[in-house]
Amino acid sequence: MGAMTPIELERMREEARREARLGENGPRARIIVHMGTCGIASGAQKVLDGCAREIETGGIQGVVVSTSGCAGLCSREPMATVELPGRPPVKYAGLDAGKMRRILKEHVLAGRVVEELALGVGEERRGAQEAGPGEKLSGDNGYGGLPRLADLDFFKHQTLIALRNRGRIDPEKIRDYIREGGYRALARALTQMTPQEVISEVKRSGLRGRGGAGFTTGMKWELCRNSPGSEKFVVCNGDEGDPGAFMDRSLLEADPHAVLEGMVIGAYAIGASHGFFYIRDEYPLALKRVGTALEQARETGLLGADILGSGFSFDAEVIRGGGAFVCGEETALMASIEGLVGRPRQRPPYPVESGLWGKPTTINNVETWANVPPIIEHGGAWYASIGTEKSKGTKVFSLVGNVVNSGLLEVPMGIPLRRIVYEIGGGVREGRKLKAVQTGGPSGGCIPERLLDLPVDYERLTEVGAIMGSGGMIVIDDSVCIVNLAHYFLSFTQSESCGKCTPCRAGTWQMKRILERIMEGEGTARDLEKLAELAEAVKLGSLCGLGQTAPNPVLSTLRYFGDEYEAHVRHKRCPALVCKPMIRFRIEASLCNGCQVCARQCPVEAITGVKNEVHYLDSEKCTKCGFCTAVCQFDAVVKEPVAAGM
Amino acid sequence: MEARKITLRIDGRPVEASAGSTVLDAARMAGIYIPSLCAHRDLKPVGACRICLVKVGGVGGFPPACTTAARDGMEVSTTDEELQRLRREILKLILLEHPSSCLICVDREPCESFRGGPEKSGKVTGCMFCSSRGGCELADVVRYVGLTELDYPTKYKNLPLEREDPFYDRDYNLCILCGRCVRMCQEVRGARAIEFAGRGIETVITPPYGGRHVDGACTFCGSCIDVCPTGTLAPRATKWFGQPERAQSSVCPHCGLGCRLMLGERRGRLVSAKPDWESPPTRGYLCAKGRFGVVELVHSNKRRRIPLVRKDGGAPAEVSWEEGTEFVAARLAPYKEGRFAALVSPDSTNEDAYVLAKFARLVMGSNSVVTDDPDFVSRAEERICERLGATGALATVGDVEGASTLLVIGGDPAATHPALEVAIKRAADRGGRVYIANRWHSVTSRRAGEKILLSPGGQLSFLGALVRVVGEKRGGGGIAGWADLEASLSGETLEQAARRAGVAAQDVSEIGDALWGGSSVLVFGYHLMRDPQALDMLMNLALLLGLGEGGRCGLLPLWQRSNAVGSAASGARPNLLPGPALASDPRAIAALGDLWRGRIPSRPGRDLRSVVEGIGSGEIRALYLTGGFPQPELLAKLECLVLQSPFEDGLERYATAVFPAAVFAEVGGTVTNIEGRTQELCSVVRAPAMSRAGWETVAEIARRMGAAGFEYADWRAVSGERREVCKTLAGPGRAELVRCEALAEPEADDRLPFLLLPPVGDLRCYNSSLAALVRGFSDIYPSNVVLLAKADLKRLSVAPGDRVMVAGLNGRIEGVAEGSADMPSGCVMILNAKTDGFGLDTTAVAVRVEKLSETAGRECG
């Protein structure tokens with residue numbers, strides 16, 4: 001192929017759009033199976049295979065089957081989208097191979113939507129709304145009473161900027177990305193803007209680092225650009241490690257070119273010649289897709305020497321991380337890229353002054369990079385019009401825990417937490433009571449129910465003792481013991497502490513021991529004081545962000561749930577009935593019908609009883625494993641508090 | 001370049017520091033104590049222990065003093081209440097992983113005064129039972145912070161004491177993970193033998209895959225022990241001897257580098273040998289031999305104690321020293337001139353070597369004064385003296401560190417002079433070019449620099465090619481002999497010469513450019529000295545590079561024995577007089593005669609091989625032996641053998657008289673290292689029983705034989721006379737370029753398909769071997785290891801660990817095969833073996849290698 005130029009790129013885009021058009025000379029229908037890791041895990045591969053087999057054996061012509069990344073509503077996977085010529089797409093959820101066959105027969109071939117499987121119709125709302133298929137919804141779309149997708153609770157509050165191509169493109173095809181406007185921003189930056197103008201635009205947007213710390217991206221780029229040195233590097237930090245967080249994985253899996261395009265623009269602004277995607281090895285699909293994206297970008301002339309005839313040369317490579325949480329810390333990440341043990345080092349010097357191999361280096365999170373192309377395309381002012389005073393644009397969250405709709409969402413900054421949990425998330429599962437929302441992973445904190453009207457904003461979250469973090473959001477209901485939760489996060493940071501500095505290595509261990517004593521019912525009032533003192537020492541004394549934030553889950557729960565700690569320490573009671581030494585199991589005679597299910601399940605034969613008669617649970621034998629409660633259909637096995645040691 | 005000065009205030013006190021230093025450096029320079037555990041002078045700061053946290057005006061949080069750059073006008077607080085509270089918390093966390101009951105015990109002082117010394121316990125459970133008691137940095141920090149109570153339970157890890165390796169005991173239950181050992185091993189020594197493993201509280205320091213150090217990359221240099229701030233790492237042999245009552249700096253006797261050691265003495269016994277961090281040549285860096293091969297050597301149970309004489313074929317009898325010297329004086333008298341030879345150990349002090357050489361020449365009338373080193377060594381010494389003069393324009397270790405280009409050729413400092421490796425690595429770390437050229441891939445080249453693999457005979461061609469490159473740049477300017485040398489080299493193109501050396505012509509040009517472009521040091525070992533033509537060419541190169549012209553180029557010959565340079569300058573060589581001066585120089589002979597007021601024999605002395613032959617043929621009938629001897633059974637032919645050495649070596653059965661000799665830690669004296677630095681030894685402990693300094697015995701015998709000029713009050717008198725004599729005799733070299741003709745190289749053929757390369761180093765020490773004297777050295781230097789390229793092993797169907805025989809025309813030896821990436825195909829090297837029989841005075845001999853069957857191995861072995 002000839003040299004890639006901006007004009008050639010536009011020609012390619014037109015061609016891709018023409019190819020994608022349904023009807024007339026094109027295909028008569030398109031089925032997109034959403035194949036993020038979440039989709040695959042719930043069976044999307046079977047759906048896809050079944051669909052392909054049906055088309056083959058039925059000799060069906062003119063139906064295109066393609067895939068995309070995660071469609072957002074992970075709890076309703078597998079999902080697929082069906083599109084017929086001249087009609088808006090219909091999204092289906094909760095599929096299996098059989099249901100897919102039915103959709104194929106009824107909807108694709110006969111044009112009759114399968115209403116009971118359909119989620120909604122039309123497109124999601126994109127941050128930079130263009131005239132698109134969504135507009136066609138106004139008139140009669142032929143899909144009768146199906147709700148618009150953009151009106152559904154889960155989708156209606158979302159604004160897609162980083163996730164702008166969600167569900168619409170095949171992540172392994174660069175032409176799909178280009179079709180949707182991809183690399184237009186790059187062309188603009190390289191041919192119409194100076195590096196300084198790019199930086200100014202990013203500064204104007206107010207974009208802040210999406211990895212958690214929230215440093216102003218444009219400022220970081222400027223510092224790096226002004227740092228002396230002929231060789232500079234850019235890095236995409238894809239070492240996502242917070243428990244329950246999957247924003248970066250989904251983004252890399254679903255739209256690797258969006259991240260790459262942002263990185264190339266950033267490299268141009270900074271003057272970097274080489275980039276690294278540092279992605280943990282536990283993300284095989286992300287690794288594969290980024291690798292493919294790099295290859296395709298290289299083949300297309302969007303990576304390598306003299307990109308788009310601008311004279312700017314840049315290439316990037318993928319580095320597989322070994323899965324250490326601490327390698328998400330930028331200095332540890334750099335050590336890992338250099339082939340050393342992934343341990344952080346003291347800053348300053350910051351990477352923008354002395355980074356990889358001592359050269360100025362800019363490290364940005366996956367989501368940060370993905371936000372760059374829309375900012376260049378639509379302008380910093382447009383981006384800054386979304387969000388709050390100090391937190392601009394949107395933020396991607398992975399909403400998990402005891403919530404009805406778990407999945408990936410992108411919302412404008414400033415949205416109240418309550419709306420995320422109750423409207424987007426659909427509230428707490430099983431009708432339980434909400435206790436707290438945990439944000440920011442092991443570095444973050446728990447926000448209690450009463451503060452739920454808090455707008456999501458870097459500063460406001462920090463004020464209440466939590467952090468924005470990279471976007472993990474865990475909904476916690478009243479079945480969770482807060483001490484146990486703090487212990488969970490502390491165990492995580494303790495085992496992921498690199499072991500280099502004393503406060504983090506030994507301090508988190510000591511804090512964990514104190515929590516264990518409290519959970520065993522052996523805690524004292526002095527322990528609570530010690531816990532707070534230690535937390536302070538670890539916070540102030542640790543070398544890197546991991547240690548400095550490791551006490552946050554303890555500090556924030558002490559702050560908001562002090563009474564629950566008190567209950568453990570003073571009354572030896574676990575209000576959530578989780579800490580085993582403080583509870584016992586008992587069979588409620590009035591509810592037990594003697595079905596013997598619990599007796600059969602009990603691994604230690606602590607439950608005895610004749611069929612159809614009330615059973616007896618021997619507390620001496622009971623190990624409090626909880627199998628009986630889980631299997632009892634009649635809620636006859638109850639947990640009740642007991643003072644520890646009794 | 002003088003660094004810019006800045007001024008900051010620490011705790012309100014103005015402190016001056018040089019720009020680029022850290023807050024901790026600045027505080028230390030000003031004598032302000034900031035507790036620190038992970039920082040070390042020679043290591044990059046990491047800020048791991050967090051005990052040195054300070055407050056800096058205008059900066060949030062508590063930055064560590066060790067990683068924070070000092071800035072002009074900075075306000076630093078080290079003692080404020082908030083800081084002390086944080087520091088106390090952090091110290092408690094440090095002690096969490098360190099058995100600490102004694103550290104904070106209120107009864108500590110009475111307890112310490114009650115217990116005399118450390119107890120020998122397996123695992124240390126408190127300071128009272130710790131080998132670093134009295135010298136513990138952690139205890140200092142606890143004292144400073146004033147911690148008297150621990151309100152947390154501690155975490156005793158209950159790890160097994162690691163004793164599988166020689167020399168070290170490692171008790172990681174005491175480890176506070178400051179990481180000094182790891183950084184020392186990686187940053188300074190370049191061995192990378194240990195690393196952190198695991199995470200969180202499970203973090204440990206370990207060799208690869210938790211194995212033994214002997215199977216890993218550890219060289220047992222001991223630097224990890226020397227920087228450990230706790231008792232985690234301890235030298236096994238001396239850990240329970242307690243802290244020394246006094247310590248003195250002396251010189252290590254184990255190689256030509258002459259590193260300084262702090263010798264600690266307690267109640268008349270040597271109890272420790274630690275680095276002397278302040279003194280050149282290596283400023284605190286030692287190797288296994290110096291770190292672990294000193295205390296046990298001095299107190300070896302193989303030390304000779306009482307003089308012995310054998311009267312008229314009878315059994316040896318213990319006698320007084322006076323009686324012994326009287327007896328020897330009488331017995332030696334008949335064997336003057338050609339019938340007498342002296343073998344001087346190159347580990348002797350300058351004084352010992354000088355007096356024995358003087359005795360041989362002046363009293364016995366014989367120039368046959370040899371050492372137990374192979375003859376190529378004394379030939380090289382003579383040639384260097386002849387061409388470059390007595391001092392040889394030597395470089396120092398500091399020059400190596402600061403050189404912009406280093407060429408290491410025909411030697412492996414990592415194997416022979418391990419502590420020199422630190423300087424070589426530093427030169428590379430500082431951006432210097434380091435080239436390491438050998439017939440094989442040396443150990444040194446694993447740590448730093450660029451490897452250059454030379455072809456057989458390639459040393460001369462390689463150096464010749466470099467001479468051309470450098471000579472052309474210089475235009476030969478101002479050095480006699482250039483025209484002749486240039487003509488001799490122009491027979492072939494640079495490309496041809498480079499190809500013969502096995503190097504790309506482009507690389508030769510690059511190396512030549514690098515050598516010419518700045519200050520250079522040429523480091524060369526025995527492999528180069530074995531080829532006299534290559535040695536000549538190296539000196540040509542050095543002269544062209546500006547040797548002796550204001551520090552542009554220096555030479556560093558890797559003489560292996562501890563006083564090779566000094567004993568040669570004492571005249572303890574057949575071809576050298578004190579100075580050194582050439583023994584063939586009539587002016588020197590005359591001058592020496594005047595100084596000694598006697599007649600210096602004019603008949604040339606025999607070299608070692610000729611002495612051995614002379615003993616065999618019966619021409620030599622008396623030998624004064626202070627070192628080892630290559631063919632011991634020949635000694636039976638002597639009529640008079642006087643042994644004067646520190647260790648029992650099995651030669652007593654041939655001896656007429658035996659005198660126990662003192663070693664380096666017992667008597668005063670001087671030694672001269674490969675830099676030409678003359679260093680004073682000190683007497684830290686008494687020599688055992690009736691042992692005396694070698695010079696005393698010889699001088700006494702000389703006096704009893706009626707000779708004048710041997711009346712010395714003490715070693716300083718000898719030293720003074722020697723210095724005067726050397727000054728008078730030492731002459732300048734000719735400093736001319738000479739042409740060199742390639743010698744015939746041994747070639748492998750079908751019958752003898754391999755080339756046996758001479759061994760790089762050995763463990764000889766005085767008249768014995770370190771492996772025989774100190775436990776552990778045979779583990780880290782296993783004997784008779786036959787190194788072969790892995791491909792060659794495969795071709796021979798030999799598995800690593802199989803017994804093989806290496807046989808040449810003149811010798812054969814059995815050993816255990818080992819595949820080595822260091823050996824090029826077609827080459828063999830036998831480590832730690834007696835290869836004298838092969839006639840390996842040259843650069844290589846052709847041999848064959850055969851696999852031995854199990855039974856054959858047993859029969860022979």
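As the structure is a computational prediction, the values presented were derived from the model and not from experiment. In what follows, chains are A, B, ... by sequence order, proteins preceding strands, each numbered from 1. Values reported hereafter were calculated over all heavy atoms of this structure, with side chains retained and with hydrogens, waters and symmetry mates removed.
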- Residue part contacting chain A, namely of Lys92(B), when any heavy atom lies under 4.5 Å: side chain
- Query: If you take all heavy atoms of Ile94(B) and Thr502(A), which pair is closest and at what distance?
  - Reply: CG1-CG2, 3.3 Å
- Query: Most heavy-atom pairs under 4.5 angstrom with chain A, which of Ile90(B), Thr68(B), Asp151(B)?
  - Reply: Asp151(B)
- Message: Around atom CZ of Arg9(B), are there more than 12 heavy atoms from other residues, nucleotides or ligands closer than 6.0 Å?
- Response: yes
- Message: Heavy-atom pairs under 4.5 Å with chain A: which of Gly198(B), Gly61(B), Pro64(B) has the most?
- Response: Pro64(B)
- Query: Taking Gln510(A) for the side chain and Lys155(B) for the main chain, is one N or O donor matched with an acceptor at less than 3.5 Å?
  - Reply: no
- Message: Tell me whether Glu533(A) is salt-bridged to Arg85(B), with the criterion being a basic N under 4.0 Å from an acidic carboxylate O.
- Response: no
- Message: Quick check on the interface: out of Ile176(B), Thr67(B), Val204(B), who has the most heavy-atom pairs with chain A under 4.5 Å?
- Response: Thr67(B)
- In terms of heavy-atom pairs under 4.5 Å with chain A, which of Arg199(B), Glu195(B), Glu89(B), Glu202(B) leads? Arg199(B)
- Could you look at Leu86(B) and say if it's the side chain, the backbone, both or neither that has a heavy atom under 4.5 Å from chain A? side chain
- Message: Rounded at 0.5 Å granularity, tell me how far CD1 in Ile514(A) sits from OH in Tyr152(B).
- Response: 6.5 Å
- Message: Just verifying a value: how many Å separate Leu93(B) CG and Trp509(A) CH2, rounded to the nearest 0.5 Å?
- Response: 10.5 Å
- Item | Arg50(B) side, atom CZ; Arg505(A) side, atom CZ - distance, nearest 0.5 Å | 12.0 Å
- Message: Using heavy-atom distances under 4.5 Å, tell me whether Ser542(A) contacts chain B through its side chain, its backbone, both, or neither.
- Response: backbone
- Query: Under a 4.5 Å heavy-atom cut-off, does chain B meet the side chain of Arg345(A), its backbone, both or neither?
  - Reply: neither
- Query: Which atoms of Leu53(B) come close to chain A, meaning under 4.5 Å heavy atom to heavy atom: side chain ones, backbone ones, both, or neither?
  - Reply: side chain
- Message: Tell me whether the count of non-hydrogen atoms from other residues, nucleotides or ligands lying under 6.0 Å of CZ in Arg570(A) goes above 12.
- Response: no
- Closest non-hydrogen atoms of Gln346(A) and Gly47(B), given as atom of the first, atom of the second and distance, are OE1-O, 4.4 Å
- Side chain, backbone, both or neither: which part of Arg517(A) has a heavy atom under 4.5 Å from chain B? side chain
- Query: With only heavy atoms counted, which part of Pro45(B) is less than 4.5 Å from chain A, the side chain, the backbone, both or neither?
  - Reply: neither
- Please state whether the side chain, the backbone, both or neither of Arg513(A) comes within less than 4.5 Å of a heavy atom of chain B. neither
- Message: Please check if the number of heavy atoms outside Lys390(A) that lie under 6.0 Å from its NZ is greater than 12.
- Response: no
- Segment of Ile51(B) engaging chain A (4.5 angstrom heavy-atom cut-off): neither
- From CD1 (Ile201(B)) to OG (Ser495(A)), nearest 0.5 Å: 12.0 Å
- Query: Does any heavy atom of chain B fall under 4.5 Å from the side chain of Lys500(A), the backbone, both, or neither of them?
  - Reply: both
